[in-house]
Engineer: 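This is the structure I want to talk about, given as structure tokens.
Just so we're on the same page: letters track the sequence lines, and every chain starts at 1. These numbers were taken from a predicted model, which means no experiment stands behind them.
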Amino acid sequence: MKKRKAGIAIMTRMDERYNFRESERKWQTYWAKENAFVAESNPDKPKCYVLEMFPYPSGRIHMGHVRNYTLGDVIARFRRAQGFNVLHPMGWDAFGLPAENAAIQNGVHPAKWTRENIQTMKAQFDPLGLSIDWSREIATCEPDYYRHEQKMFLDFLKAGLAYRKTSMVNWDPVEHTVLANEQVIDGKGWRSGAPVERRELAQWFLKITAYADDLLAALDTLTDWPDRVRIMQHNWIGRSEGARVSFDLVGRDDKLEVFTTRPDTLFGAAFCAISMNHPLAKELAENDPALRDFITSCNAVGTSEAAIETAEKMGYLTPFKAHHPFDSAWELPVYIANFVLMEYGTGAIFGCPAHDQRDMDFARKYGLPVTAVVAPKDSDVSAFATALAAGTEAFTGDGVAIHSDFMNGLAVTEAKRAAIARLEAEHRGTGTVQFRLRDWGVSRQRYWGCPIPIIHCPHCGAVPVPDDQLPVTLPEDVGFDLPGNPLERHPTWKHVACPQCGKPAVRETDTFDTFFESSWYFARFCDPKNTATAFDRAAVDYWLPVDQYIGGIEHAVLHLLYSRFFTRAMETCGYLSVKEPFKGLFTQGMVCHETYRAQSGAWLYPAEVEKRTDGAIEIANAQPVTLGRSEKMSKSKKNTVDPGHIIETYGADAARLFMLSDSPPDRDLEWTDSGIDGAWRYIQRLWRLAAQPAVPFADGGEATEGAFEGSAKDTMTLAHRTISAVTDDLAKLRFNTAVAKLRELSNQLAVTKSQDKGAAAGYRFGLETLVRLIAPMTPHIAEEIWMALGHTTPLVASSWPEADPAWLVVDTVTLAVQVNGKLRGTLEAAVGAEAKALEAMALALPAVQSALGERTPKKIIVVPNKIVNIVG
RNA sequence: GCCCGCUUGAUGGAAUCGGUAGACAUAACGGACUUAAAAUCCGUAGCCCUUUGGGCGUGGGGGUUCGAGUCCCCCAGCGGGCACCA
């Protein structure tokens, strides 16, 4: 860095107060004019792809966005200063339900609503001063984006990664539409209030299960992901080893195939249970009205797993009996049970009440026997079995097999192996691996999404739309006055000639799940204008994977798992050469705010409330207000703060700084007035450190070692330590501690005494260091001060500071001295001092002697440079 | 119901590898400046006890260790996800 003498004249030009309005606009204009953040592939430079989860264009940005994009911006600016070729793009996740809801409620067309929202939100992002390459902006609702995913889908289809089958949906019998789980409230449609039914529908699926093993195994390679996200995905994929077992049915030729993870407990079987969607159940239901009623009542709970799991466990006894696979004389009753899912395993189970809690509950409800077949090692077997048979708690722990014929005495693992070996020998079953993960259903019976490029022909079946007829464009001449999907009743759009036989056929009217768009947008950003293909191979080879991906923890499983799958599917189909899209992942916390309620019980906006020392009142009528706990900012609770208003009042730098201060980024952040005030005051203080410095530093000269004494030396030391510590913190996304360390450096600058030797040079070095280090967080004021200090190259084009190792050397340390683990004093010693010497120094401390009293030390633990613990 | 987290002064948090708990802030209180207020600057402060000294203290209970906010077990409260919200 070139040193430049700043005359005092320059300093006096600085106004007493920092004018953020003028300065922020000035720098934003400058960055835009210089195309400062436009990225270009450059194989000679190390790249860094920083990406925040792209927003849904809801119409207004909220504080959660401000937090998300500020976090990403700090990393992008930091890496840029470190010399990386940074890609930091932005786009819009523009398909989805809210647009259709707006259309139904307000009569606005989803396309108009979405496009206008994008314009509004883009304008709201501008004043934040984000280092985004807007030249790469994409919106997923535009044909030039979704045409490529139609092609991808057809490639997946060719590769055997897409197929069609039936599955369950939530059906609203009044609106005649499929409802999202979110739209099912207490089993009823959110708008109609009618009880929701489960219905079967033919849908398209992507074969994510083809990659189940790889998706699971590769989690170990994602070392820059939070452990908890990896654990959640691990559990979601849910690999379990077990067996498929064939039960012969009494008096029938077909068999009942069940999946179990506990073949070792087969001798404890009390019943079999099948899903109500099992072919056997459907067969019975044809002639059994009572069973139909049972199925109808079970279907009333909807499709969400939470609803199914929390619903009361119920069974319907069928006339079927199943022969036990190891003893054909033993017959088990067969139930139809509401907790057996057709989607998992074979849609049928056998129940062992003694060793599975759900089976135990079921057995108690329907009076089935409970036979213990596993007992804890070294337990009194008969007493254990008797207690279990009489109780209501299943035993699911490890132990040895009992009452189990050929397995007796074997530990659980060995017994499983023995049971599978016997089943395989007798052709009654096989050992198998089952995943909890199900194939991804991508069909949605909605208008505002990407059309699925398929034509249904009565003669040829489902025919892919030929390449030269892509894209299948979503027609915009539709209305929302009638219930159901407008594509279904469009007069012309869906009627086409079959590409194969030329006879009349109809288009698929379902659209893709919006997770489809978000599963590859990160790749599109590498080459967003490409019209021929989804993206150029060289571009993705250079930019992918995303080095740092940032978003909410709520996407820990679905979006992230789908993107991992999609990347593999794209790799299989020759689109790119990486398997993992996101090298680094960071999950940010939510932005929360206190909640307020008026006397009437209505929620109040923070702006409607005045807080006083003795409580809070409603400004409009001076009535007392009930303060509620802090919750995620939401429109429904009205505990929101408008980012635009905050930026106008305090400036983008203050808003950004507050987002980064105090709360660790992965935890929830509580928005408070005092917090944003504090950030604003710090911005002003930073300005004063330059404009009204404690040390007149204009003639400071070079900052060389040995020329500093007293506070000036302290300032130099702290400045170098801060470079080292903040660099480390930013690399690890510990922005809150980085801010704390920058405040410490500010405090040190303020106490630098001008009479100390080297004060001017030390102060200047400290101030310049502070400004350079804070630039990624508060870029506008940093640039403003930097230029006022006489520099000619703006910080956006400057390199990151480096600490001089000579200033980082530490020669003495303070050690804690404990007696029996309790702190009794401290001592100063040279770094690396001998343990013996430290022992002697510690024992000589008066506090140690009085704490020790008459006792003699039994043992002394010395941890060099850290602690001396005397055990007496 | 199942899976995953979180819990530290009045408040947000720090303590990164098991080694001085409370960095840095916010709120509060005291002082300086001011006719006054704001702003700013300086100072005080975990809790309890009678101190100069001592005891207690990281949601609760137990354990491992010379030493636990940190590791293990149990419990409670709060939050995220559960496949068609994004």
Engineer: Does the protein touch nucleotides 75-83 of chain B at the base, only the backbone, or not at all? Give it as B, S and - per nucleotide, heavy atoms under 4.0 Å.
Structural biologist: ---SSSSBB
Engineer: Would you please name every residue forming a side chain to side chain donor-acceptor pair (under 3.5 Å) with A/Ser167, sequence neighbours left out?
Structural biologist: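 By the side chain to side chain donor-acceptor pair (under 3.5 Å) rule, A/Ser167 matches A/Gln203.
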Engineer: With rounding to the closest Å, how many angstrom separate the C1' atoms on B/rU65 and B/rG79?
Structural biologist: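 These two C1' atoms come out 33 Å apart once rounded.
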Engineer: Without swapping roles, check the side chain of A/Asp513 against the backbone of A/Arg444 for a donor-acceptor pair under 3.5 Å.
Structural biologist: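 Not a single qualifying donor-acceptor pair exists.
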Engineer: Give a yes-or-no answer on whether the side chains of A/Thr814 and A/Glu828 include a donor-acceptor pair shorter than 3.5 Å.
Structural biologist: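 The criterion, which ignores hydrogens and geometry beyond distance, is satisfied for A/Glu828 and A/Thr814.
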Engineer: Under 4.0 Å, counting only non-hydrogen atoms across every strand here, what does A/Thr310 touch: a base, just sugar-phosphate, or nothing?
Structural biologist: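 Base contact - A/Thr310 has a heavy atom under 4.0 Å of at least one base atom.
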Engineer: Mind checking which stems touch RNA chain B? I mean at least 3 consecutive Watson-Crick or G-U pairs, both distances under 3.5 Å.
Structural biologist: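 Correct response: B:1-7 with B:76-82, B:10-12 with B:24-26, B:28-32 with B:40-44, B:46-49 with B:53-56, B:59-63 with B:71-75.
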Engineer: For A/His234 and B/rC3, what is the distance between atoms NE2 and P respectively, to the nearest whole Å?
Structural biologist: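 The answer, rounded to whole Å, is 13 Å.
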Engineer: On a plain distance test, is the side chain of A/Asp662 in donor-acceptor contact with the base of B/rG13 below 3.5 Å?
Structural biologist: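 Flag unset: no donor-acceptor pair detected.
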Engineer: Can you measure A/Asp673 atom CG to B/rA25 atom C1' for me and round it to whole angstrom units?
Structural biologist: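 My rounded result for the distance is 16 Å.
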Engineer: If you look only at pairs with a residue in residues 726-744 of chain A, which of them pass as a salt bridge (Lys or Arg N to Asp or Glu O under 4.0 Å), with sequence neighbours excluded?
Structural biologist: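 Qualifying pairs, neighbours excluded: A/Asp728-A/Lys732, A/Asp728-A/Arg734, A/Asp729-A/Arg734, A/Asp729-A/Lys741.
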Engineer: Rounding to an integer number of angstrom, what distance separates B/rG63 and B/rA15 when you compare their P atoms?
Structural biologist: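 My reading of the P atoms in B/rG63 and B/rA15 gives 29 Å.
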Engineer: Across the strands shown, which category fits A/Gln445 at heavy-atom distances under 4.0 angstrom: base, sugar-phosphate, nothing?
Structural biologist: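 Base, at least one base heavy atom under 4.0 Å.
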Engineer: Which whole number of Å gives the distance between the P atom of B/rA28 and that of B/rG22?
Structural biologist: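 Those two atoms are separated by 24 Å.
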Engineer: Give me the distance, rounded to whole Å, that separates B/rG9 from B/rC56 when you measure between the C1' atoms they each carry.
Structural biologist: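 My reading of the C1' atoms in B/rG9 and B/rC56 gives 14 Å.
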Engineer: Rounded to whole Å, how long is the line connecting atom CE of A/Met360 with atom C1' of B/rG1?
Structural biologist: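 Spelled out: CE on A/Met360 to C1' on B/rG1 is 18 Å.
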Engineer: Using the C1' atom on both, measure B/rC24 against B/rC78 and round to a whole Å.
Structural biologist: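 So the two C1' atoms sit 26 Å from each other.
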Engineer: Base, sugar-phosphate or nothing for A/Asp729? Non-hydrogen atoms, less than 4.0 Å.
Structural biologist: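 Touches a base.
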Engineer: Between B/rG80 and B/rU11, how far is it from one C1' atom to the other, in whole Å?
Structural biologist: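 The answer is 24 Å between these two C1' atoms.
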Engineer: At 4.0 Å (heavy atoms only), tell me whether A/Arg681 reaches a base, stays on the sugar-phosphate, or touches nothing.
Structural biologist: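 A/Arg681: backbone/sugar contact only, no base atoms under 4.0 Å.
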Engineer: Parallel, tilted or perpendicular: which fits the ring planes of A/Phe515 and A/His555, with parallel below 30° and perpendicular above 60°?
Structural biologist: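 Plane angle over 60°, so perpendicular.
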Engineer: Please find the pair of heavy atoms, one from A/Leu733 and one from A/Pro665, that lie closest to each other, and give the distance.
Structural biologist: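 Closest approach of A/Leu733 to A/Pro665, heavy atoms only: O-CG, 3.1 Å.
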Engineer: Between B/rU7 atom C1' and A/Glu670 atom CD, what is the distance in whole Å?
Structural biologist: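 Rounded to the whole Å, the gap is 15 Å.
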Engineer: Give A/Phe515 one of three labels, base, sugar-phosphate or nothing, depending on what nucleic acid heavy atoms sit under 4.0 Å from its own.
Structural biologist: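 A/Phe515: base contact, heavy atoms under 4.0 Å.
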Engineer: Pairing donors with acceptors under 3.5 angstrom, does anything connect the side chains of A/Asn485 and A/Thr509?
Structural biologist: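 No, no side-chain donor-acceptor pair sits under 3.5 Å.
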Engineer: Grab the CD1-C1' distance between A/Ile867 and B/rA21 for me, whole Å please.
Structural biologist: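 Taking atom C1' of B/rA21 as the reference, CD1 of A/Ile867 is at 12 Å.
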Engineer: How would nucleotides 41-73 of chain B be written as a contact map, 5' to 3', with B for base contact, S for sugar-phosphate-only contact and - for no contact, using protein heavy atoms under 4.0 Å?
Structural biologist: S------------SSS---------BS------
Engineer: How far, in whole Å, is B/rA83 from B/rG67 if one measures between their P atoms?
Structural biologist: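 It comes out at 48 Å once rounded to the nearest Å.
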Engineer: Does A/Arg721 put a side-chain nitrogen or oxygen below 4.0 Å from OP1 or OP2 of B/rA23?
Structural biologist: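 No, because none of the side-chain N or O atoms of A/Arg721 sits under 4.0 Å from OP1 or OP2 of B/rA23.
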Engineer: Where does the angle between the aromatic ring planes of A/Phe516 and A/Phe566 fall among parallel (under 30°), tilted (30 to 60°) and perpendicular (over 60°)?
Structural biologist: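 Geometry flag for A/Phe566 against A/Phe516: perpendicular rings.
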Engineer: Would you kindly give the NZ-to-C1' distance between A/Lys635 and B/rC85, to the nearest whole Å?
Structural biologist: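 After rounding, the reported distance stands at 13 Å.
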Engineer: When rounded to the nearest Å, what value does the distance between C1' atoms of B/rG46 and B/rG69 take?
Structural biologist: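 Looking at atom C1' only, B/rG46 and B/rG69 are 15 Å apart.
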Engineer: Describe, in one word, how the ring planes of A/His559 and A/Tyr549 are oriented to each other, choosing from parallel (under 30°), tilted (30 to 60°) and perpendicular (over 60°).
Structural biologist: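 Answer is tilted, since the angle falls between 30° and 60°.
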Engineer: Give one of base, sugar-phosphate or nothing for A/Pro664, where a contact means two heavy atoms less than 4.0 Å apart.
Structural biologist: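 Sugar-phosphate: the residue A/Pro664, judged by heavy atoms under 4.0 Å, touches backbone atoms but no base.
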Engineer: Side chain of A/Ala816, heavy atoms from C-beta onward: which of B/rU20, B/rG5, B/rC84 has the nearest atom to it?
Structural biologist: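 Output: B/rU20.
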Engineer: According to the interplanar angle, ranging from 0 to 90°, do the rings of A/Tyr146 and A/Phe95 count as parallel (below 30°), tilted (30 to 60°) or perpendicular (above 60°)?
Structural biologist: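 Judged by the thresholds at 30° and 60°, the geometry between A/Tyr146 and A/Phe95 is tilted.
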Engineer: Look at atom CD of A/Glu393 and say whether more than 12 heavy atoms of other residues, nucleotides or ligands are closer to it than 6.0 Å.
Structural biologist: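 No, the 6.0 Å shell around CD holds no more than 12 heavy atoms from other groups.
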Engineer: Could you state the atom-to-atom distance from CD of A/Glu744 to P of B/rG13 in whole Å?
Structural biologist: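 Whole-Å distance recorded here is 19 Å.
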Engineer: Does NZ belonging to A/Lys635 count more than 12 external heavy atoms closer than 6.0 Å?
Structural biologist: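 Incorrect, the count does not exceed 12.
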Engineer: Glycosidic conformation of B/rG12, syn or anti, with 90° from 0 as the boundary?
Structural biologist: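 Classified anti.
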Engineer: Using a 4.0 Å heavy-atom cut-off across all strands, classify A/Thr814 as base, sugar-phosphate, or nothing.
Structural biologist: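 The answer is base, as A/Thr814 lies within the cut-off (heavy atoms under 4.0 Å) of a base atom.
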Engineer: What integer distance in Å separates A/Trp687:CH2 from B/rA39:C1'?
Structural biologist: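 So the two atoms are 18 Å apart, to the nearest Å.
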Engineer: Compare the minimum distances between each of B/rG5, B/rC85, B/rA21 and the side chain of A/Leu823, then state the nucleotide with the smallest one.
Structural biologist: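 Of the candidates, B/rA21 comes closest.
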Engineer: Which residues satisfy the ring pair (Phe, Tyr, Trp, His ring centres under 6.0 Å) test with A/Tyr521, sequence neighbours excluded?
Structural biologist: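 With sequence neighbours excluded, A/Tyr521 shows a ring pair (Phe, Tyr, Trp, His ring centres under 6.0 Å) to A/Phe54, A/Phe525, given in chain and number order.
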Engineer: Specify the residue among A/Gln183 and A/Asn736 whose closest nucleotide of RNA chain B lies further upstream toward the 5′ end.
Structural biologist: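 Its nucleotide being nearer the 5' end, the pick is A/Asn736.
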Engineer: Verify the contact: side-chain N or O of A/Thr826 to OP1 or OP2 of B/rU20, cut-off strictly under 4.0 Å; return yes or no.
Structural biologist: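 For B/rU20, OP1/OP2 do not have a side-chain N/O of A/Thr826 under 4.0 Å.
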Engineer: Base, sugar-phosphate, or nothing for A/Gln203, non-hydrogen atoms under 4.0 angstrom?
Structural biologist: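 If one applies the 4.0 Å heavy-atom cut-off, A/Gln203 turns out to touch a base.
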Engineer: Applying a 4.0 Å non-hydrogen cut-off, can you work out what A/Asp677 is touching in the nucleic acid: base, sugar-phosphate, or nothing?
Structural biologist: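 Result for A/Asp677 = nothing.
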Engineer: Using a 90° cut-off around 0 for syn, call B/rC17 syn or anti.
Structural biologist: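 Judged by the O4'-C1' to base torsion, B/rC17 sits in syn, the angle falling within 90° of 0.
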Engineer: Using a heavy-atom cut-off of 4.0 Å across all strands, would you classify A/Gly96 as base, sugar-phosphate, or nothing?
Structural biologist: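 If one applies the 4.0 Å heavy-atom cut-off, A/Gly96 turns out to touch the sugar-phosphate alone, with no base involved.
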Engineer: Does atom NZ of A/Lys866 have more than 12 heavy-atom neighbours from other groups under 6.0 Å away?
Structural biologist: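 No, because the 6.0 Å sphere around NZ of A/Lys866 holds 12 heavy atoms or fewer from other groups.
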Engineer: Counting any heavy atom closer than 4.0 Å, what does A/Val739 reach on the DNA or RNA strands: base, sugar-phosphate only, or nothing?
Structural biologist: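 The answer is nothing, as A/Val739 stays clear of every strand by at least 4.0 Å.
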Engineer: For the NZ atom on A/Lys313, are there more than 12 heavy atoms of other groups (residues, nucleotides or ligands in this structure) within a distance under 6.0 Å?
Structural biologist: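 Yes, NZ of A/Lys313 has more than 12 neighbouring heavy atoms, counting only those of other groups under 6.0 Å.
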